[in-house]
Amino acid sequence: MIRTSPSTDTPDPADGRRTLIRLTPHGVDLPTRSAEGFDRLRAQWARTLGEERLAALERDLRTMAPGGAFRLDAAGWFTD
């Protein structure tokens, strides 16, 4: 199995105490692929429950865990 790392790390040539961490192309693409996976999963839930029941479930979950505590939309981390 080949593992693709989302980042690389190298010693900082200007400061030996630091490590430079950079995203690989895989790491840059990861939030998009994650969002696409969630979209496929949500579509499956909508087919199983129906769009109306799923929307009600999402509203109920927002009531129980109001915004601000933490974000689940990883792609949104890069837009703030």
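Side chains included, hydrogens not; waters and symmetry mates left out as well; all remaining heavy atoms used.
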Margin query: List the residues meeting salt bridge (Lys or Arg N to Asp or Glu O under 4.0 Å) with Asp9, not counting sequence neighbours, and say none if there are none.
Written below: none
Next item on the list: Can you see which heavy atom on Thr24 is nearest to which on Ser5, and at what distance?
Entry: OG1-O, 2.7 Å
Note to self: Could you work out, with salt bridge (Lys or Arg N to Asp or Glu O under 4.0 Å) as the rule, every residue matching Arg59, not counting sequence neighbours?
What the structure shows: none
Check: Tell me, which pairs form a salt bridge (charged side-chain N to carboxylate O under 4.0 Å, His left out) where one or both residues lie in residues 24-33, sequence neighbours left out?
Finding: Asp29-Arg33
Check: salt bridge (Lys or Arg N to Asp or Glu O under 4.0 Å) with Glu51: which residues, sequence neighbours excluded?
Finding: Arg42
Margin query: So, taking the atom named CZ in Arg53 and the one named OG1 in Thr48, what distance separates them when rounded to the nearest 0.5 Å?
Written below: 10.0 Å
Item checked: same_hphob_cluster(Val28, Phe38) at 4.5 Å side-chain heavy-atom cutoff -> no
Next item on the list: With sequence neighbours excluded, tell me which residues meet side-chain contact (heavy atoms from CB on, under 4.5 Å) with Leu61.
Entry: Leu57
Note to self: If the condition is salt bridge (Lys or Arg N to Asp or Glu O under 4.0 Å), which residues does Arg18 pass it with, not counting sequence neighbours?
What the structure shows: Asp12
Check: Shortest non-hydrogen contact from Pro11 to Leu20?
Finding: O-CD1, 4.4 Å
